[in-house]
Each structure stands twice: as structure tokens, then as C-alpha cells.
Amino acid sequence: MPELPDVEIYRRRFERSTRGRRVEGVEARDSQVLVGVGGRRLDRDLRGVRFTGTQRRGKTLYGVTTDGPHLRLHFGMTGDLVVLDKGPCQGEPRHTRVVFGLSGGRRLLFVDQRRLGEVGVVQDVDADIADHDLGPDALDLAPPELASLLRKSQAGLKAFLVDQSQLAGLGNIYTDEILFQARLDPRTAAADVGDSGVRRLHRQLHRVVDRAVAAEADPQAMPRGWLIHRRDDGAACPRGNGSIRSFSVGGRRGYWCPGCQAGRH
DNA sequence: GGCAATGTTAGCCG
DNA sequence: TCGGCTAACATTGC
């Protein structure tokens, strides 16, 4: 779930659900996901505050307060943000790790099956972004900046796109989709992507992310022609251009269509 | 039981 | 120094 589109959905959900409400208390059910704070301090730091907005950099979400500390959320592999209003049938889902109690009986839940997510508090959002060495948000990159980052890199294209210090937000699944839509070979060197390749990459990055957000990051609601429905070795290419193959990058499995993408840059 | 799964990061090697 | 690879983190489901 949590790549840039998912986190953007969470960001909007966070903003909508906290607007006009105060934090009445924070309950850490599982201190494993807490980073740099204990449960007591998390509660003490946030009790009584109103969030004035949100900020997202790549896959990291911040709940911003007037004078800090600000809430920092990272969703790992299985993190989710759930809003529960008071009323019947409002039981907490399994794997609820942290509960933010809001005024009016609303609860905001950090749910994370695998517990690789992180909940913490930071004094300064920009300093935190620097600490984590996050590059510009993937959606904030104009084509010339993208071109310049690509040219400076010595990495392969797929490795470049998932590197959060180059551009923040893309992960395994959406980089595969963007490369497929842009008809770029994931094996080419980032620096070898030509002008037309950069333009296609930029356009498809935005198109894929925008449509994924519009689909509420639910793959079922994404276009039929997308690779996301064919992440299987030997699956048929959605364009009828042969079969999908997998490859390995940085310990994960990537998928591509040699018929559409091989040799293209 | 084995394996893989949307992320991050430390350690190793070339 | 950089990039690529592996393992580890923790949990679940096929």
C-alpha cells in the first residue's frame, strides 16, 4: 500500500479528519512503531494540540502544529490510517498500533500489520527531511530538474527511481508502472535516458500517480491496461506485446514487458 | 514448511 | 565515494 499515492490519500484523510478538532490523548498500543519517543512523551507532546495542516515529503507524512512538536508518520510496508467516529460498529481493526483520540469522540488510528512503520515527533520538519536524506518530492520535479538528476546518476534507471534521496515517494510497484507506461527499459543507465525519454518519464510519473490517487490507491479501480494487474512472470502484456517478465533489483522483484520496453531509453 | 510481500537501512564487496 | 547486493526488521497468507 504505502507509496506516494497511498500516503497522499492518508494525508488528505488526516487533514479532513483532524480539521477543527483537538487531540485529547494519544495511546500507543505497541511501542515497537514508536521512534525517538516513548508512549508517555508522545501523549504529553500532542495532548491538547490542534493540527494546523499537513506536509508530505515522498512517503513521509507530517501532522503540523503551530509551534511544534509535529507528528511524523511513516507507513512502512503495511501501514494504514483509519478514522473511527463514535457510534456502533466502530471496533478497532486488528493491528491498531497507535490511537489518536480527537475531540468529538473521533479516533485516528495508525494501523500496521508488519510493524515496519514509524510514529514519532519532530521539532522541525525540514530538519527531519534532511536527517532522512530525502530528495525532492517526486511530484515537485520539473522536467529539467529530473533530467539533471538522471544525468548525474551512475545508477540503473529502476534503482534511481526508487532511491528516496534522488526523488522521494516512488517505490517498487509504481516505478514499474511508470516505466511500463513510459516505455522505458528499467535496465538502462539513468544517465542514458534521452530527452524524449525524460519527457515520457515525467509525463507518465504524473499521470500514473494522479490516476492512482484518483483511484484511492485501490488497484481494482486503476485502468485495465496497467501493469499493476499483471505482476506475474509469464502474464500477458496488457498491450498484447508478449509476456511480462520479472527481474531482481535491490532484493525485490520488478516486473516489465520486454516487448514494450527492451532497449528503449 | 517455504516463500514472497508496497519500505528502510547496515554491512559487505568491487 | 558510489552502486549493487544481502540480510534484517515483523507478520501474514498463499
Side-chain angles (χ1 to χ4, degrees), chain A residues 1-11 28-36 56-61 72-81 93-98 110-120 128-135 137-138 149-180 186-193 205 208-209 211-213 215-222 226-235 244-256:
Chain A
M1 282 178 264
E3 292 184 41
L4 193 157
D6 312 80
V7 179
E8 177 59 20
I9 306 279
Y10 302 158
R11 188 191 70 75
R29 302 281 161 76
D30 187 330
S31 55
Q32 167 93 33
V33 300
L34 300 185
V35 172
R56 182 186 56 72
R57 182 64 151 281
K59 304 169 190 170
T60 309
L61 176 62
R72 174 182 187 274
L73 301 175
H74 193 286
F75 298 91
M77 296 266 265
T78 54
D80 195 2
L81 204 54
R94 215 177 152 194
H95 312 305
T96 296
R97 307 299 180 191
V98 181
F110 183 86
V111 180
D112 182 14
Q113 177 202 116
R114 284 171 67 182
R115 303 200 286 178
L116 297 173
E118 299 174 350
V119 176
D128 185 69
I129 288 169
D131 283 350
H132 291 271
D133 197 21
L134 296 180
D137 190 83
L149 289 176
L150 284 161
R151 256 185 282 116
K152 279 186 290 192
S153 169
Q154 307 221 82
L157 182 51
K158 163 90 176 176
F160 169 88
L161 290 172
V162 298
D163 182 348
Q164 304 298 297
S165 68
Q166 295 286 349
L167 68 172
L170 304 180
N172 196 28
I173 289 186
Y174 286 105
T175 52
D176 282 351
E177 191 67 53
I178 290 163
L179 290 171
F180 175 71
R187 306 166 306 173
T188 47
D192 288 347
V193 179
L205 189 162
V208 166
V209 170
R211 297 212 60 169
V213 171
E216 297 271 298
D218 173 10
Q220 298 282 359
M222 294 177 199
W226 279 19
L227 180 66
I228 197 169
H229 308 295
R230 315 282 175 102
R231 298 180 66 81
D232 252 319
D233 236 312
I244 301 306
R245 291 291 163 215
S246 74
F247 60 100
S248 161
V249 237
R252 331 203 80 82
R253 213 91 229 125
Y255 294 87
W256 70 308

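For the numbers below, each heavy atom of this structure counts, side chains included, while hydrogens, waters and symmetry mates do not. Owing to the predicted nature of the structure, the values given are computational and were not obtained by experimental measurement. In what follows, chains are A, B, ... by sequence order, proteins preceding strands, each numbered from 1.
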With a 4.5 Å cut-off on side-chain heavy atoms, are [Y] and [X] touching?
{"X": "A:T96", "Y": "A:P93", "answer": "yes"}
{"X": "A:V35", "Y": "A:V119", "answer": "no"}
{"X": "A:D30", "Y": "A:V98", "answer": "no"}

**Message:** Quick check on B:dG7: is either OP1 or OP2 less than 4.0 Å from any side-chain nitrogen or oxygen of A:H74?
**Reply:** no
**Message:** Looking at A:K59, I'd like to know whether one of its side-chain N or O atoms comes within less than 4.0 Å of OP1 or OP2 on B:dT8.
**Reply:** yes
Taking the side chain of [X] as its heavy atoms from C-beta onward, which of [options] lies nearest to it?
{"X": "A:M77", "options": "B:dA5, C:dG3, B:dT8", "value": "B:dA5"}
{"X": "A:A159", "options": "C:dC9, B:dG7, C:dG4", "value": "C:dG4"}
{"X": "A:S153", "options": "C:dA10, B:dT8, C:dG3", "value": "C:dG3"}

**Request:** Hey, can you tell me if A:Y10 and A:F75 have their rings parallel, tilted or perpendicular (30° and 60° cut-offs)?
**Result:** tilted
Can you check the [X] [atom1] to [N] [atom2] distance for me, whole Å?
{"X": "A:E118", "N": "B:dT8", "atom1": "CD", "atom2": "P", "answer": "9 Å"}
{"X": "A:L116", "N": "C:dA7", "atom1": "CG", "atom2": "P", "answer": "17 Å"}
{"X": "A:Q164", "N": "B:dT9", "atom1": "CD", "atom2": "C1'", "answer": "12 Å"}
{"X": "A:E3", "N": "B:dG7", "atom1": "CD", "atom2": "C1'", "answer": "9 Å"}
{"X": "A:K158", "N": "C:dG4", "atom1": "NZ", "atom2": "P", "answer": "13 Å"}
{"X": "A:D131", "N": "B:dT9", "atom1": "CG", "atom2": "C1'", "answer": "15 Å"}
{"X": "A:H132", "N": "B:dG7", "atom1": "NE2", "atom2": "P", "answer": "16 Å"}
{"X": "A:L73", "N": "B:dG7", "atom1": "CG", "atom2": "P", "answer": "17 Å"}

**Request:** Give the C-alpha distance, both sets of side-chain angles, the deciding distance and a yes or no for side chain to side chain contact (heavy atoms under 4.5 Å, CB included) between A:R245 and A:Y255.
**Result:** CA-CA 6 Å; A:R245 291 291 163 215; A:Y255 294 87; over 6 Å; no
**Message:** Please check this pair: side chain of A:T78 against backbone of A:R114, looking for a donor-acceptor N/O pair closer than 3.5 Å.
**Reply:** yes
**Message:** By the 4.0 Å heavy-atom rule, please label A:G76 as base, sugar-phosphate, or nothing.
**Reply:** sugar-phosphate
**Message:** Over all strands shown, is A:G156 touching base, sugar-phosphate only, or nothing at heavy-atom distances under 4.0 angstrom?
**Reply:** sugar-phosphate
**Message:** Can you tell me how far apart NE2 (A:H74) and OG1 (A:T60) are? Round to the nearest 0.5 Å.
**Reply:** 4.5 Å
**Asked** Atom CG of A:D112 and atom CD of A:E118: how far apart are they, to the nearest 0.5 Å?
**Response** 10.0 Å
**Message:** Walk me through whether A:S246 and A:R253 qualify under side-chain hydrogen bond (donor to acceptor under 3.5 Å, both in side chains).
**Reply:** CA-CA 6 Å; A:S246 74; A:R253 213 91 229 125; 3.2 Å; yes
**Asked** Can you give the dot-bracket line for DNA chain B, where a pair is Watson-Crick or G-U wobble with both atom distances under 3.5 Å, crossing pairs use [ ], and | marks a partner on another strand?
**Response** .||||.||||||||
**Message:** Nearest heavy atom decides the nucleotide; on that basis, is A:K152 or A:G251 closer to the 5' end of DNA chain C?
**Reply:** A:K152
**Prompt:** Which residue, A:V249 or A:R252, contacts DNA chain C at a nucleotide closer to its 5' end, judged by nearest heavy atom?
**Reply:** A:V249
**Item:** CZ (A:R211) with more than 12 external heavy atoms under 6.0 Å
**Value:** no
**Item:** Pairing of A:D176 and A:R231 as salt bridge, 4.0 angstrom limit
**Value:** yes
**Asked** Should the pair A:R56-A:E8 be classified as a salt bridge under the 4.0 Å nitrogen-to-oxygen rule?
**Response** yes
Review item, nucleotides 12-14 of chain C N/O atoms under 3.5 Å of protein N/O:
residue	atom	partner	partner atom	Å
C:dT12	OP1	A:R94	NH2	3.1
C:dT12	O4'	A:Q113	OE1	3.0

I'd like a table of atom pairs between the protein and nucleotides 1-4 of chain B - only N or O on both sides, under 3.5 Å - with the distance next to each one.
none

